[in-house]
Each structure stands twice: as structure tokens, then as C-alpha cells.
Amino acid sequence: MAIIKKLKAVKINQNHLLGIQDLTISDISQILNEAKTFIGLNKSSSKKLDLLRGKTQINLFFEPSTRTQSSFELAGKRLGADVMSMNIVNSAIKKGETLIDTAMTLNAMHPDIIVVRHQDSGAPNLLSQKVNCAVINAGDGRREHPTQALLDALTIINRRGKIEGLKIAICGDILHSRVARSNIYLMNMLGAEINVVAPKTLLPHSIERLGVKVFTDMKKGLDKCDIVMMLRLQHERMQGSFVPSPREYYEYFGLTQDKLALAKKDALIMHPGPMNRGVEIDTNLADDINRSLIREQVELGVAVRMACLKLFCKNI
Amino acid sequence: MMKEKYLVNARILDPKNSMDENGGLIIDQNGKIKAVGKKVNSLNIPSDSEKIDLKNMILIPGLVDMRVFVGEPGFEYKENFRTLSNAALSGGVTTVVSMPNTHPVIDNVSMVDFLKRRGRDKSRINIFPAASLTKNVEGEHMTEFGLLKRKGIIAFTDGVKTVQNPQLMSRIMNFASQSKALIMQHAEDNILSQGGLINDGEISTRLGLQGIPALAERIIVERDLAFLEEYFCRYHISQISSEKTVSVIRNAKKEGKIFTAGVSINNLSLNENDIGDFKTFLKLSPPLRTENDRLSLIDGLNDGSIDVIVSDHKPEDEESKRLTFAKAATGAAGVETLLPLALELFHNNSVKLEKLIASMTSNPAKILEINKGSLDLGNDSDLCVLDIKKPWVVKKSDLKSKSKNTPIEDRKLQGQVIKTFVNGEIVFERN
């Protein structure tokens with residue numbers, strides 16, 4: 001009896017979800033399998049569960065976010081948690097309080113889970129050392145955005161059945177992108193072949209050491225790809241000039257029909273949003289329901305975040 | 001007046017005088033070195049003098065650390081002269097050059113008097129304050145080299161900052177060439193390193209931290225060496241961190257250019273991998289770079305491209321380090337672990353002992369033009385007695401510095417300072 005319980009018990013190896021780098025294959029498959037069970041629920045008319053009833057979830061967003069914050073908020077609510085979203089613009093942080101002091105203050109209110117987004121890489125790691133609850137990284141600096149990568153994986157699996165053996169191109173501002181990093185780690189673990197496509201000025205040092213092939217010619221980088229992931233030019237993180245102009249960038253690195261033609265015939269397009277139409281992606285392609293998974297990514301994002309909240313929320 | 005002291009049964013190591021022999025040292029009644037070497041032994045010690053048996057330990061000149069930050073004035077909560085002095089002496093350091101990045105900045109004559117007075121009253125070590133190269137280290141107007149030098153300032157540097165403006169730097173070097181002032185440059189191009197936190201490489205990519213390219217250092221070194229051809233002055237590069245810079249320096253020295261360079265013990269002993277999971281105690285400037293860079297710094301030290309090792313002692317209180325990596329203060333405390341950590345390079349056969357000791361005694365003294373760092377007869381008896389074999393573990397709680405931001409917590413080291421003398425008096429002793 002005890003053995004069966006042990007086998008059935010869903011247990012993630014980590015206390016916190018700080019990055020894909022910390023997860024094992026078994027952690028990942030647990031999260032994705034769990035997420036699948038929520039897809040149907042999210043489409044139904046009655047979306048409320050009570051799995052996290054009595055639990056408190058705090059969303060601590062130090063950077064503006066629309067989709068990630070609302071996705072986490074909805075995910076928590078659908079699981080029955082009490083969700084509080086902190087508006088940092090008006091908080092003590094602006095009055096000089098440090099991240100750790102904020103963490104200690106929140107910790108005293110006994111939350112069960114803190115979802116954090118921060119402009120500094122490693123901020124969720126620091127936070128996790130100081131609080132007694134689970135910390136979920138909703139994006140830190142340029143480092144990781146694990147739930148985005150997980151929802152991307154779920155979206156691909158939902159369409160293609162698997163990730164192993166697929167050829168995935170990640171295109172655009174790799175340098176400033178936490179989405180790119182998390183996706184590189186995750187898709188590599190799941191057995192995909194990864195091309196990164198970017199102008200040299202937007203490639204981080206030694207990126208090939210993360211297990212990717214690097215292309216500065218988008219046409220070569222997209223050759224026979226199954227999935228094309230586009231990234232936004234992150235102007236807010238750029239100091240100085242990285243590309244001559246949006247026009248030149250679009251010419252060489254924007255996703256257009258003719259460049260997409262080099263990928264597989266049924267290649268699918270993804271984008272973590274928000275999109276800059278006409279800068280990194282042709283507006284018609286973004287809306288092409290046969291090719292673009294962009295809306296599906298948002299939809300499955302809620303399911304993935306429900307899975308993460310459930311699995312990482314302590315004392316379940 | 002004190003009794004004469006006979007220090008006997010020691011291995012005497014004095015790189016300046018190429019001395020490495022078993023013997024002793026006599027400290028006269030004024031605290032000066034009266035005799036040194038194998039002639040000094042336990043026999044015939046006058047009855048009115050004091051005998052100190054060093055039990056076959058190593059006796060070296062007290063260390064000269066060319067790059068130390070003290071919190072006075074303005075940041076006394078990080079380090080004051082008393083705590084700096086205690087920390088230095090427990091590491092065998094008897095002379096330091098303090099950086100001018102205080103609040104206010106050491107950029108005028110009246111500040112020098114304050115520092116000298118405080119240093120004299122509160123500390124037992126020799127403190128040579130450096131003054132800034134530019135007013136308020138803003139990189140716009142040069143300070144009064146001549147007047148400051150007359151007040152006893154022996155070196156000029158903007159400390160953690162680099163003079164960016166090439167026109168101003170060329171004029172500083174031109175002016176310094178006439179006043180014979182020693183210019184010490186922290187080599188970093190601000191624009192290339194803007195926003196950078198650690199070495200630009202695989203680790204920075206993985207941690208998502210913006211990188212500081214090695215080029216930011218090299219470009220300033222090359223610029224200044226070009227100026228040096230036109231305006232020959234006493235020029236010293238405070239500390240370098242990368243293979244590329246080592247080779248620039250090596251080639252320039254080969255061509256006959258006369259200048260000197262230093263390296264922080266941190267860059268010689270640690271690399272970027274030690275940053276691990278965002279350890280802010282390893283956020284340093286210049287940043288820790290690759291293992292390959294570290295090895296080429298050792299080569300540079302061995303072939304004479306690099307002249308001195310410094311601690312780059314930068315005490316930072318816990319609050320300034322308990323922040324995200326981007327917001328945490330830069331720097332590590334290290335004056336008391338400088339020598340033991342450097343000995344690691346001896347024990348692992350990277351650097352010969354004499355070379356290592358020279359780079360922390362006679363070489364800096366020569367650059368600074370001070371009568372320190374050697375066992376010359378008549379010099380102040382500033383001495384360090386070293387048990388080179390003793391194993392120990394670095395513990396934050398044992399550190400004497402007011403700030404505990406050591407980058408080598410829990411590191412197992414071999415070799416520890418047993419006694420430190422200043423002016424012939426025992427000012428530190430370890431049981």
C-alpha cells in the first residue's frame with residue numbers, strides 16, 4: 001500500500017521553479033502531463049477547482065507584464081487559491097526597500113507561493129533563499145522564463161505529438177532574451193535540434209556552448225525547420241544601437257513568406273509576445289491560423305501555470 | 001627606548017637582496033634592522049637583549065599592498081583605520097596604499113592631513129594615501145600633483161574609476177612627467193563595460209548577466225601605452241585580468257617601454273566559474289575571467305610582465321551585498337588573506353616562493369619609491385613571520401576586517417602569518 005502511494009505521489013525534485021536548468025526530465029514530464037489535464041477544463045464553462053483552496057499566491061511583478069501576470073493570476077484563481085497581485089510601482093520598493101526586505105515582509109504573511117518577475121537576473125534565486133514558500137520565476141532579466149518555455153513545449157507537443165527529432169529555429173534578439181535561453185535548455189533536453197538565428201550583435205557570447213547551431217543568415221537558419229520561434233526586439237533592454245534600423249532588421253531577420261518558404265511546408269510559427277508587427281514578423285503570418293500558434297501559446301500558458309502552481313505549491 | 005631583539009632560527013627570505021638563508025635578524029633599540037642573515041644566531045646574545053626563537057619559520061619583509069580601500073572618511077561602517085590595521089597585520093601586511101574613493105574624495109591637500117593624522121592615531125600599519133588623479137574622481141580636472149606630492153602623496157589614481165577622456169589623460173601624463181608623480185590607472189573603458197557585471201563569456205550568457213569584454217581593459221592599456229611614448233611618466237596599471245592584456249604588456253615591455261603592472265590576488269586564484277549561483281561576493285572589478293585568463297596572468301607574473309600582486313581589499317557591508325547581482329556592490333575584502341592565498345600558487349607549483357614574495361614586498365616598494373618591503377640594514381623593522389606549512393580554513397567569523405565579504409569563505413589554505421612586526425615591535429601574534 002505504501003509503495004503504491006509513493007509511486008502515485010506526484011513529487012517534483014525542486015522546491016522552487018527558478019529555471020529550466022534546475023529541472024530533470026522527470027520534473028518536466030510531470031509538469032507537462034499535469035498541464036494536459038487542465039487544457040479541457042480551461043475550455044469548459046465551469047473552470048473552477050478547489051485544489052489550492054486556502055492557499056495564498058502572491059504575484060510580485062517588478063517589470064510590467066500583461067500576459068504572464070494575467071495568466072498566473074487566472075491560473076491561481078482557477079485552482080481556487082487566493083491570489084494577490086502586487087503593484088510594485090506604488091510599493092515600498094520604490095521607497096528604497098530592498099528585494100530581501102520585501103520578501104521578508106511578504107513571507108511574514110505566510111503565502112504558499114510567490115510568483116516573481118524581476119529585471120535582474122538571479123532575483124528569484126535570491127528571493128527563494130529568504131522565504132519559506134515556493135518561488136516561481138515568471139522571468140528574470142535575461143536569464144530564464146521557465147513557464148514560457150514549458151508552455152511552448154506543451155503547444156508543440158499538442159500539435160506535433162512530440163518534440164524529439166524536431167528542428168526548431170529561434171530567431172531574433174537572443175542576447176536579451178530569457179525566453180530564448182529557457183527554450184534552448186528545454187528543447188535540448190526534450191531532444192530537439194535547435195538553430196538560433198540573429199545578427200551577430202544580438203547573439204550572446206559563446207551561445208553555441210548551450211548546444212545550438214548559430215546562423216546569421218535567416219534563410220539558412222530556417223532550412224527544413226519544423227518550428228519557427230520569433231522573438232521581439234527588446235528595445236527597453238538595449239543600451240545603444242544594435243541594429244541599423246527596424247527596416248533593415250525586418251529585411252534580413254523579419255519573418256516573411258519567402259523566408260518561411262525555406263522551412264518545412266507545414267512549419268509552425270510561435271512568438272512569446274508582445275509582437276512588433278512589421279519588425280520581426282509579417283503581420284499576415286502572425287494572423288495565419290494555419291501556421292501561427294501564437295494564440296494557442298497564450299491559451300496553453302494558463303494550463304502550464306496551473307500545473308506549476310499545483311506541483312510547486314507546498315503542503316498539498 | 002626598547003631592548004634590542006634577536007630573532008633567531010629562521011629562514012630569512014629577502015627578495016630585494018636575493019637572500020634566502022637560515023639565520024636571524026637583530027632589531028636595534030630604535031626598531032631598525034641592525035643585522036640580518038646567517039651570521040645572526042643564538043650564540044653570543046647580550047644578556048640585556050630579548051631573544052625570540054622563530055623555530056625555523058620563514059621571516060620576510062612586511063608586505064606592501066598597493067591597493068586597499070578604507071572607509072574613512074565617509075564609509076566608516078565598512079572599514080575604519082583601526083579595523084583595517086588589525087586585518088592587515090593579521091595577514092602580514094605592514095604597508096598599504098589606500099585608495100582615494102572615500103567621501104569626500106582624497107583630492108586636496110587638507111584631506112591628506114586628516115588621513116595622515118587618523119592613520120597615525122588609529123592604526124599600527126604604514127598608510128600611504130593615494131590621491132585622486134582628477135577632482136572628485138570625475139575625470140574632468142586634474143588634481144594638484146605637485147602640492148599633493150609635497151604633502152607626502154606618493155601615488156595618484158582614480159581608484160575604481162578610469163580617466164576616460166583621452167585628452168585629459170594625455171595631459172595628466174604630460175604634467176606628471178615633470179612632477180615625477182606616479183600615475184596608477186584602473187584600466188576599463190566605461191562605454192564598453194557599461195552595464196556589465198561579469199566576464200563576457202559562456203557564464204554570463206548562462207546567468208543572463210551582461211558581460212564586460214576583455215577589450216574594455218585592453219583598449220585603455222593600449223591607449224595609455226601610446227601616450228607613454230609621447231609623455232614619459234611613472235605609469236602603473238593597477239590590475240589586469242585578461243590574457244590579451246598580458247600579451248599587450250609583455251610586448252610593450254619587450255619593446256623597451258618602462259612601466260609597471262599589477263594583478264589582484266583574486267584574478268590569480270579564482271575564475272568566473274566560482275561565481276556559481278550569483279555569489280555577489282565574487283562581483284569584482286576587473287571581473288574574474290576564464291581559467292585560461294587566470295593561467296596567463298600567472299605566466300605574466302612569472303615572466304615579469306606583471307610586477308605586483310595586490311589584495312584589492314574592498315570591504316563592503318552585508319547590506320550592500322545582499323542584493324541582486326546587478327545591484328550588489330563590487331569588491332571583496334582580502335588584505336588579511338592576501339599572503340596565504342598567494343601561497344597557494346607556491347604550493348601548487350605555479351610561482352616560485354621568492355617571486356611571489358617579491359611581488360608583494362620589494363616590487364611594490366620599488367614602484368612606490370619607499371624604503372619598505374626589504375630587510376635593508378637601517379630600515380624600519382617591518383617584518384612578517386610565516387608558517388608556510390600550516391593548514392587552515394578561511395572563516396568569515398575569524399576575519400578582523402569590519403566587513404566580511406571574503407570571496408574565499410571555507411577555502412582550505414596552507415600557510416599562515418604567525419607574527420607581524422612594525423618598527424621592531426610585535427603588533428600581531430597568532431597562537
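Not measured: the values here are computed from a predicted model. Proteins come first, then strands; the chains are lettered A, B, ... in the order of their sequence lines, and each starts at number 1.
Atom NZ of A:K167 sits in a crowded spot, with more than 12 heavy atoms from other residues, nucleotides or ligands closer than 6.0 Å. Under a cut-off of 6.0 angstrom, the local environment of OH in A:Y252 is sparse, with at most 12 non-hydrogen atoms contributed by other residues, nucleotides or ligands.
Only the side chain of A:I100 comes within contact range of chain B, judged by heavy atoms closer than 4.5 Å. Heavy atoms closer than 4.5 Å to chain B are found nowhere in A:H176, neither backbone nor side chain. Interface residue A:Q21: only side-chain heavy atoms are found under 4.5 Å from chain B.
For residues 280-289 of chain B, an interface with chain A (any heavy-atom pair closer than 4.5 Å) does not exist. Residues of residues 197-209 of chain A lying under 4.5 angstrom from chain B, judged on non-hydrogen atoms, are A:P204, A:H205, A:S206, A:I207, A:R209 in numerical order. Taking non-hydrogen atoms and a 4.5 Å limit, the residue list of residues 185-200 of chain B in contact with chain A, ordered by number, reads B:Q194, B:G195, B:D200.
In this structure, A:R181 contributes its side chain and B:T205 its backbone to a donor-acceptor pair below 3.5 Å.
Contact count versus chain B (heavy atoms, under 4.5 Å) is highest, among A:S177, A:G122, A:A123, A:G141, for A:G122.
For the side-chain contact (heavy atoms from CB on, under 4.5 Å) test with B:K327, the passing option among A:L99, A:D120, A:T98 is A:D120; the others fail.
The CG atom of A:D140 sits 10.0 Å away from the CG atom of B:L207 when rounded to the nearest 0.5 Å.
In this structure, B:F278 and A:Q129 have side chains that are not in contact, with every pair of non-hydrogen atoms separated by 4.5 Å or more. In this structure the side chain of A:L126 never reaches within 4.5 angstrom of the side chain of B:R322, judged on heavy atoms.
Partners of B:Q210 according to the side chain to side chain contact (heavy atoms under 4.5 Å, CB included) rule, which considers only residues two or more places apart in sequence or in another chain, are A:R142, A:Q239.
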